[in-house]
Q: 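Below is the structure I would like to discuss, written out as structure tokens.
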There are 2 protein chains.
Amino acid sequence: MTLPRKAPTMADVARLAGVSPMTVSRAFKHDASVSDATREAILKAADDLGYVFDSTASNLRSQRTNFVAVTIPSINNANFADTVRGLSEGLKARGLQILLGTTDYDIFEEERLIEQLLRRRPEAIVVTGGQHTPRARRMLENAGIPVIETWDLPPSPIGHVVGFSNAAAVRAMVDHFVARGLTRIAFIGGDADRDTRGTDRRAGFIAAMQTHGLDATRLIAAGVPPISMREGADAMGRLLDTLPDTEAVICVSDLSAFGALTECQRRGVEVPGRISIAGFGDYEIGAISVPTLTTINPFPREIGAQTAALILKVLDGEQAEPATLSILPRLLPRQSSR
Amino acid sequence: MTLPRKAPTMADVARLAGVSPMTVSRAFKHDASVSDATREAILKAADDLGYVFDSTASNLRSQRTNFVAVTIPSINNANFADTVRGLSEGLKARGLQILLGTTDYDIFEEERLIEQLLRRRPEAIVVTGGQHTPRARRMLENAGIPVIETWDLPPSPIGHVVGFSNAAAVRAMVDHFVARGLTRIAFIGGDADRDTRGTDRRAGFIAAMQTHGLDATRLIAAGVPPISMREGADAMGRLLDTLPDTEAVICVSDLSAFGALTECQRRGVEVPGRISIAGFGDYEIGAISVPTLTTINPFPREIGAQTAALILKVLDGEQAEPATLSILPRLLPRQSSR
DNA sequence: ACAGGTCTTGTTATCGATAACATAAACGGG
DNA sequence: CCCGTTTATGTTATCGATAACAAGACCTGT
């Protein structure tokens with residue numbers, strides 16, 4: 001195999017091509033002015049040497065990393081993955097690369113992560129949610145780069161926002177059920193305040209129920225977020241055991257809603273005949289399960305795409321003021337609710 | 001707001017704390033020898049100035065980035081997400097951060113991605129699969145860092161391997177069905193060769209069927225990978241239309257298997273009564289659907305964890321020779337098959 | 001009390017690309 | 001044909017942390 005000789009630098013390439021290192025540097029940028037013949041000779045020399053461009057040096061000298069830092073609660077969540085995909089696609093054309101970190105639904109972990117990410121000197125930072133530790137908030141405020149909070153509409157944003165109101169979305173779902181004559185409605189969600197979006201959804205449920213003058217105490221705590229199918233099934237079991245006259249249940253996500261649905265199937269409880277079920281997030285499962293699941297689509301990919309577009313505008317100096325882009329989630333009535 | 005004054009450097013912190021920049025540098029590393037009093041004064045000065053450590057400079061001078069580059073086909077896949085999680089957790093303790101990129105199941109995109117990643121000078125690189133373009137392979141071979149191929153057992157590995165045989169896993173599934181007296185077995189998978197793991201699974205299916213002297217032509221092409229629930233459902237529809245006497249079907253993943261299951265439910269085809277269904281990947285859906293799905297668990301998180309452990313060993317010089325860690329997937333017979 | 005060791009801190013040069021400035025060559029319109 | 005402009009390339013200094021080397025202060029046991 002290849003001997004572990006030192007990796008070639010631009011200077012080596014320059015020497016072989018008979019030009020100055022600066023010209024090599026220019027040849028590696030797409031817009032720079034280098035004659036075709038020179039560029040070709042340089043690329044050939046680089047190829048012969050097996051030269052690989054060293055961003056670490058470029059990053060330091062140019063004070064540009066082409067990183068956009070992104071924090072999400074979990075990589076194992078199709079909604080956040082979609083947002084990252086939208087972001088990634090929108091940024092790729094400009095050579096911006098995503099530096100991804102997960103917080104595990106924990107704002108203290110988020111604080112540590114933000115510090116790690118800022119050390120890498122990203123061009124911008126995208127965080128999920130609007131709730132942060134005071135220190136994390138301070139770091140973001142002083143970072144000197146565009147900050148975008150997503151998946152939420154924080155009362156006092158740090159910088160830009162691309163999000164939606166989780167509470168309002170669930171309110172729409174409650175209204176949907178009430179309009180169909182369902183009044184004994186329950187909510188299945190995580191029991192801790194770790195998942196702030198889940199907490200907002202529960203709060204939206206309670207507020208909406210009270211607005212309608214309905215009992216807002218049918219709250220089933222399904223465990224520590226992220227709650228998934230299994231937890232949703234268990235929670236539905238408890239709901240059916242303790243409050244068997246419940247007519248409808250809103251779950252914090254489609255995953256828990258599907259779990260709840262399967263529990264009904266195992267017990268022979270008809271959906272939507274005896275109980276209506278709704279989820280959140282428009283995961284693929286809800287579109288294909290039997291019955292299909294009533295849900296809310298918050299357009300996660302769109303959040304990512306709009307965030308990417310916003311970042312480009314800000315970096316181009318076309319957007320000086322902090323922007324708040326509000327996404328309107330869409331309620332999707334399906335077979336699991338009447 | 002804060003004026004956009006230049007960000008403070010170590011030199012600024014050093015001046016304020018009354019020490020040399022080198023001492024500040026040491027104070028920021030955990031193992032370095034700095035007296036408690038000095039470190040405290042330095043951290044206080046850093047805090048007062050709002051200093052944020054600049055890795056770009058550190059990366060260049062120390063020739064260490066603390067990055068581990070990772071390529072996966074898609075971020076939107078719970079199996080790969082699990083591998084990334086295992087990796088991330090195993091590397092975090094050592095301060096190694098993951099630099100993640102997605103190939104979209106395309107080896108040419110992988111080539112571009114690998115080049116981008118190597119420019120960032122990672123300490124090691126983890127790629128999914130063992131099939132690469134010649135140039136990608138060359139870049140990996142010459143990168144001068146540990147290379148780990150995962151989720152596969154390539155015939156001629158570039159460096160280290162942490163994987164399993166997709167073909168052998170599916171063979172076990174075929175054997176499982178045959179042992180139960182099922183012989184008219186179909187396979188639902190992607191129609192392109194983009195997803196090499198899917199292709200290996202189909203090849204394993206064909207080989208196993210032939211070993212048993214059975215008809216290996218019941219192959220349903222479900223579309224361009226990644227194929228998901230919808231494609232699985234459509235493919236099952238076509239299978240039931242064209243080969244209604246099929247007794248069992250093996251799907252390339254649990255997602256398509258679940259889609260197939262729902263299609264049966266919509267058509268009133270009993271599972272496993274009239275047809276048995278198996279998936280791949282042990283996604284949560286298969287453990288909770290009604291009926292639960294027979295599947296194969298390839299331990300994706302374990303792949304990540306073992307890869308992380310291997311990287312640490314190699315970086316510590318405790319593992320000089322290329323290692324091949326073979327994971328043994330487990331067949332999980334469940335309700336969807338007899 | 002002193003040689004040899006450890007602990008703490010400082011000095012200098014450097015990692016590799018590129019921003020900023022400079023300049024020679026080619027071009028182009030009147 | 002000349003001068004202003006564009007194009008192609010070179011020179012020098014620099015981004016900010018830290019490796020490598022050096023050295024004084026502080027022990028510690030005999």
Side-chain angles (χ1 to χ4, degrees), chain A residues 5-43 45-46 49-67 95 115-116 118-123 144-145, chain B residues 5-43 45-46 49-67 95 116 118-123 144:
Chain A
R5 62 172 175 284
K6 223 165 136 313
T9 71
M10 271 193 182
D12 299 318
V13 176
R15 207 168 305 122
L16 184 59
V19 296
S20 76
M22 192 64 230
T23 304
V24 177
S25 173
R26 291 190 179 106
F28 271 87
K29 327 226 97 194
H30 290 290
D31 55 337
S33 62
V34 180
S35 74
D36 288 348
T38 309
R39 165 170 279 129
E40 216 170 304
I42 288 170
L43 293 182
L49 288 174
Y51 170 73
V52 178
F53 183 91
D54 187 337
S55 333
T56 67
S58 170
N59 291 342
L60 175 58
R61 175 64 243 233
S62 68
Q63 299 286 70
R64 303 206 60 225
T65 57
N66 292 320
F67 273 139
E115 178 162 29
Q116 288 302 312
L118 290 180
R119 289 177 164 208
R120 302 268 185 196
R121 295 288 189 268
E123 316 285 338
I145 54 173
Chain B
R5 64 171 174 285
K6 222 165 137 313
T9 71
M10 271 194 181
D12 299 317
V13 177
R15 209 167 303 121
L16 184 59
V19 296
S20 76
M22 191 65 230
T23 304
V24 177
S25 173
R26 291 190 179 107
F28 271 86
K29 326 226 96 192
H30 289 291
D31 55 336
S33 61
V34 180
S35 75
D36 289 348
T38 309
R39 164 171 280 130
E40 216 170 304
I42 289 170
L43 294 183
L49 289 173
Y51 170 72
V52 177
F53 183 92
D54 187 337
S55 334
T56 68
S58 170
N59 291 162
L60 175 58
R61 174 66 245 232
S62 68
Q63 299 286 72
R64 304 207 59 225
T65 57
N66 292 318
F67 273 139
Q116 287 302 313
L118 290 179
R119 290 177 163 208
R120 302 266 185 198
R121 295 288 189 269
E123 315 286 338

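Throughout, protein chains are lettered first and strands after them, A, B, ... in sequence-line order, and every chain is numbered starting at 1.
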Q: Give me the atom names and distance for the closest heavy-atom approach of A/A14 to A/S20.
A: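 Here A/A14 and A/S20 meet closest at CB-C, 3.7 Å.
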Q: Among C/dT18, D/dG16, D/dA20, which nucleotide has an atom closest to any side-chain atom of A/S58?
A: C/dT18
Q: Kindly point out which of D/dG16, C/dT18, D/dG10 is positioned nearest to the side chain of A/R26?
A: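 Taking heavy atoms from C-beta onward, the closest nucleotide is D/dG10.
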Q: Applying a 4.0 Å non-hydrogen cut-off, can you work out what A/F53 is touching in the nucleic acid: base, sugar-phosphate, or nothing?
A: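 Answer is sugar-phosphate: A/F53 comes under 4.0 Å of backbone atoms only.
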Q: Could you state the atom-to-atom distance from CE of A/M10 to P of D/dG10 in whole Å?
A: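 Interatomic distance, CE of A/M10 to P of D/dG10: 14 Å.
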Q: Heavy atoms under 4.0 Å, any strand shown: does A/T9 hit a base, just sugar-phosphate, or nothing?
A: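 The answer is sugar-phosphate, as A/T9 gets under 4.0 Å only of primed atoms, P, OP1 or OP2.
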Q: Can you tell me if A/Q63 touches the phosphate of D/dT14, counting only side-chain N or O atoms and a distance under 4.0 Å to OP1 or OP2?
A: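 For D/dT14, OP1/OP2 do not have a side-chain N/O of A/Q63 under 4.0 Å.
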Q: To the nearest Å, give me how far apart CZ (A/R64) and P (C/dA19) are.
A: 10 Å
Q: Measuring from atom OG of A/S58 to atom CG of A/N66, what distance do you get when rounded to the nearest 0.5 angstrom?
A: 7.5 Å
Q: Assign each of B/S62 and B/P21 to its nearest nucleotide of DNA chain C by heavy atoms, then name whichever residue's nucleotide is nearer the 5' end.
A: B/P21
Q: How long is the line joining CZ of B/R61 and C1' of D/dT14, in whole Å?
A: 15 Å
Q: Can you measure B/L60 atom CG to D/dT14 atom C1' for me and round it to whole angstrom units?
A: 12 Å
Q: Does B/R121 get its side chain close enough to the base of C/dG16, under 3.5 Å, for a donor-acceptor pair?
A: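 Per atom types, no contact qualifies.
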Q: What is the minimum heavy-atom distance between A/A27 and A/R39, and which atoms define it?
A: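 Closest pair (atom of A/A27, atom of A/R39, distance): O-NE, 3.3 Å.
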Q: Taking 4.0 angstrom as the limit, do B/R121 and A/D54 come out as a salt bridge?
A: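 A salt bridge is present here (some side-chain N lies under 4.0 Å from a carboxylate O).
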Q: Respond yes when some side-chain nitrogen or oxygen of B/Y51 is under 4.0 Å from OP1 or OP2 of D/dG16, and no when none is.
A: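 No, no such contact exists.
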Q: Check the phosphate of C/dT8 against B/T38, side-chain N and O only, distance under 4.0 Å to OP1 or OP2. Yes or no?
A: no
Q: In whole angstroms, how far is the P atom of C/dA17 from the CZ atom of B/R119?
A: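 Nearest whole value for this atom pair: 11 Å.
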Q: Do the side-chain N or O atoms of A/T23 get closer than 4.0 angstrom to the phosphate oxygens (OP1, OP2) of D/dT9?
A: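 Checking D/dT9 against A/T23, no side-chain N or O comes under 4.0 Å of OP1 or OP2.
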Q: In terms of the nearest nucleotide of DNA chain D, which residue is placed more toward the 5' end: A/M22 or A/D36?
A: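 Of the two residues, A/D36 wins.
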Q: Under the side chain to side chain contact (heavy atoms under 4.5 Å, CB included) rule, what do A/N59 and B/N59 come out as? Steps first, then yes or no, please.
A: CA-CA 10 Å; A/N59 291 342; B/N59 291 162; 6.0 Å; no
Q: So does B/S35 get a side-chain nitrogen or oxygen closer than 4.0 Å to the phosphate oxygens (OP1/OP2) of C/dT9?
A: yes
Q: Establish, with yes or no, whether the OP1 or OP2 oxygen of D/dG16 is under 4.0 angstrom from a side-chain nitrogen or oxygen of B/K6.
A: yes
Q: Just compare C/dA17, C/dG10, D/dA8 and give me whichever is closest to any side-chain atom of A/D54.
A: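 Within the option list, the nearest is C/dA17.
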Q: Please figure out whether B/R39 or A/F28 has its closest DNA chain C nucleotide nearer the 5' end.
A: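 Taking each residue's closest nucleotide, the earlier one in sequence belongs to B/R39.
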Q: Taking the inter-plane angle between the rings of A/F53 and A/F28 on a 0 to 90° scale, is it parallel (under 30°), tilted (30 to 60°) or perpendicular (over 60°)?
A: tilted
Q: Separation of B/R15 atom CZ from C/dT9 atom P, in whole Å?
A: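 Computing the B/R15:CZ to C/dT9:P distance gives 19 Å.
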Q: Describe the nucleic acid contact of B/S33 in one word from base, sugar-phosphate, nothing, applying a heavy-atom distance below 4.0 Å.
A: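 The residue B/S33 makes base contact.
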Q: Could you check whether B/V19 gets within reach of a base, just the sugar-phosphate, or nothing at all, counting any heavy atom under 4.0 Å?
A: sugar-phosphate
Q: Mind calculating the distance between CG (A/N59) and C1' (D/dC15) to the nearest angstrom?
A: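 My rounded result for the distance is 11 Å.
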Q: Indicate, with a heavy-atom threshold strictly under 4.0 Å, whether B/S55 touches base, sugar-phosphate, or nothing.
A: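 Answer is nothing: B/S55 stays at 4.0 Å or more from every strand.
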Q: Looking only at side-chain atoms of A/V34, point me to the closest of D/dT9, D/dA17, C/dG16.
A: D/dT9
